[in-house]
Amino acid sequence: QIQKPKLILDNGLRLDGRRPDELRPMKMEVGVLKNADGSAIVEVGNTKILAAVYGPREMHPRHLALPNRAVLRVRYHMTPFSTDERKNPAPSRREIELSKVIREALESQILVEQFPRTSIDVFMEVLQADAGTRLASLMAASLAVVDAGIPVRDLIAAVAVGKADGVVVLDLNEPEDMWGEADMPVAMMPSIGQINLLQLNGNMTPEEFRQGMELAMKGINIIYNLEKETLKNKYAELKEE
Ligand code: UDP
């Protein structure tokens, strides 16, 4: 096994040159697929996700439909070429868990009560994995849902914070995710102040947790603005046409 590298260099910077409170470069685009009702691509550093949404549409098989709300069916999947070592395309336990966690996060975003007896199907493909894929996938899915014209409470903005060599850091890269002391993905709907997803792997003191949450909020605000810009740009383009 490889030895743990130093994650915070002597100059206080991280292995990818970022300060502890800096995000990776991000890119987002909606409406990237013709056949889906809604779609989006989200890139966070080298992590790259494609999401597609179908629905609300009649539920098949029918007996799975609910009389009072839409059913969300959600698949998070890593392509075999998304990682260094070929990933087996069959769904792993991790992918099944992440699909569930992402579904629950989307259930509190989407106004599912407005679409009884229907299904909304959400697919996420990890095209390139470099830490933070669950959150980039959730954001891509949430943008694709909005792109599909499905009513939502708010957009979902998300970022992981954690601890590397004792320093609280924003938006973990892969070595920090692998070797750091803590990894805490946070997703929320900023305008209504609701958390959609919060997980913690590793150990943080209560003070580090507070610091981490503060840092996450800072990142989430920046990401939220980028999401709003992404959607506005799409509608500006449509207007021009
Ligand atoms: N990873 C991988 N192969 C796998 C699962 C994960 O290479 O089968 C890498 C990938 O870069 C991923 C990172 O490990 O982003 C961290 O995975 P984790 O389970 O912490 O979820 P994530 O941070 O992607 O949400």
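Whatever order the structure lists them in is the order used to number ligands and atoms, beginning at 1.
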Undergrad: Does the side chain of Leu143 come within less than 4.5 Å of Leu231's, by heavy atoms?
TA: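 Heavy-atom side-chain distance check passes, below 4.5 Å.
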
Undergrad: Nearest heavy atom to atom 20 (O) of ligand 1: which of Asp84, Asn201, Asp177, Thr83 does it belong to?
TA: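 Closest candidate by heavy-atom distance is Asp177.
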
Undergrad: Would you say the side-chain atoms of Asn35 and Tyr54 include a donor-acceptor pair closer than 3.5 Å?
TA: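 Short answer, no.
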
Undergrad: When Glu95 is tested against each of Arg75, Lys100, Arg134, Lys87 for salt bridge (Lys or Arg N to Asp or Glu O under 4.0 Å), which residue passes?
TA: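 Exactly one candidate clears the test, Lys87.
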
Undergrad: For the pair Arg14 (side chain) and Pro20 (backbone), establish whether a donor and an acceptor sit closer than 3.5 Å, ignoring hydrogens and angles.
TA: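 The answer is yes, because a donor-acceptor pair under 3.5 Å joins these two groups.
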
Undergrad: What residue and atom, counting heavy atoms only, is the protein's closest point to atom 23 (O) of ligand 1, and at what distance?
TA: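 Looking only at protein heavy atoms, the one closest to atom 23 (O) of ligand 1 is Gly132 N, 2.9 Å.
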
Undergrad: Please write down residue, atom name and distance for the protein heavy atom closest to atom 19 (O) of ligand 1.
TA: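 Result: Arg94 NE, 2.7 Å.
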
Undergrad: Name the closest protein heavy atom to atom 22 (P) of ligand 1, giving the residue it belongs to and the distance to 0.1 Å.
TA: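 Going by distance alone, atom 22 (P) of ligand 1 is nearest to Thr133 N, 3.5 Å.
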
Undergrad: Looking only at side chains, do Arg103 and Tyr76 share a donor and an acceptor under 3.5 Å apart?
TA: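 No pair is found: no donor N or O on one side chain lies under 3.5 Å from an acceptor on the other.
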
Undergrad: Do Ile223 and Met26 have side-chain heavy atoms sitting under 4.5 Å apart?
TA: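 They are in contact (side-chain heavy atoms under 4.5 Å apart), so the answer is yes.
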
Undergrad: Under a 3.5 Å threshold, yes or no: a donor from one side chain and an acceptor from the other, between Asn201 and Asp183?
TA: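 Result is no, nothing qualifies.
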
Undergrad: Taking the minimum heavy-atom distance to atom 25 (O) of ligand 1, which of Glu95, Met78, Arg134 ranks first?
TA: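 That would be Arg134.
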
Undergrad: Would you mind telling me if ligand 1 is within reach of the side chain of Met178, the backbone, both or neither, using heavy atoms under 4.0 Å?
TA: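 Looking at Met178 and ligand 1, no heavy atom falls under 4.0 Å.
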
Undergrad: Write out the residue and atom name of the closest protein heavy atom to atom 12 (C) of ligand 1, then the distance separating them to 0.1 Å.
TA: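 Scanning the protein heavy atoms, the shortest distance from atom 12 (C) of ligand 1 goes to Ala131 N, 3.8 Å.
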
Undergrad: Report the part of Asp130 in contact with ligand 1, treating N, CA, C, O as backbone and CB onward as side chain, heavy atoms under 4.0 Å; options are side chain, backbone, both, neither.
TA: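 Backbone only.
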
Undergrad: What residue and atom, counting heavy atoms only, is the protein's closest point to atom 13 (C) of ligand 1, and at what distance?
TA: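 Closest protein heavy atom to atom 13 (C) of ligand 1: Glu174 OE2, 3.7 Å.
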
Undergrad: Numbering the atoms of ligand 1 from 1, which are under 4.0 Å from a heavy atom of Ala129?
TA: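 Answer, ordered by atom number: 10 (C), 11 (O).
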
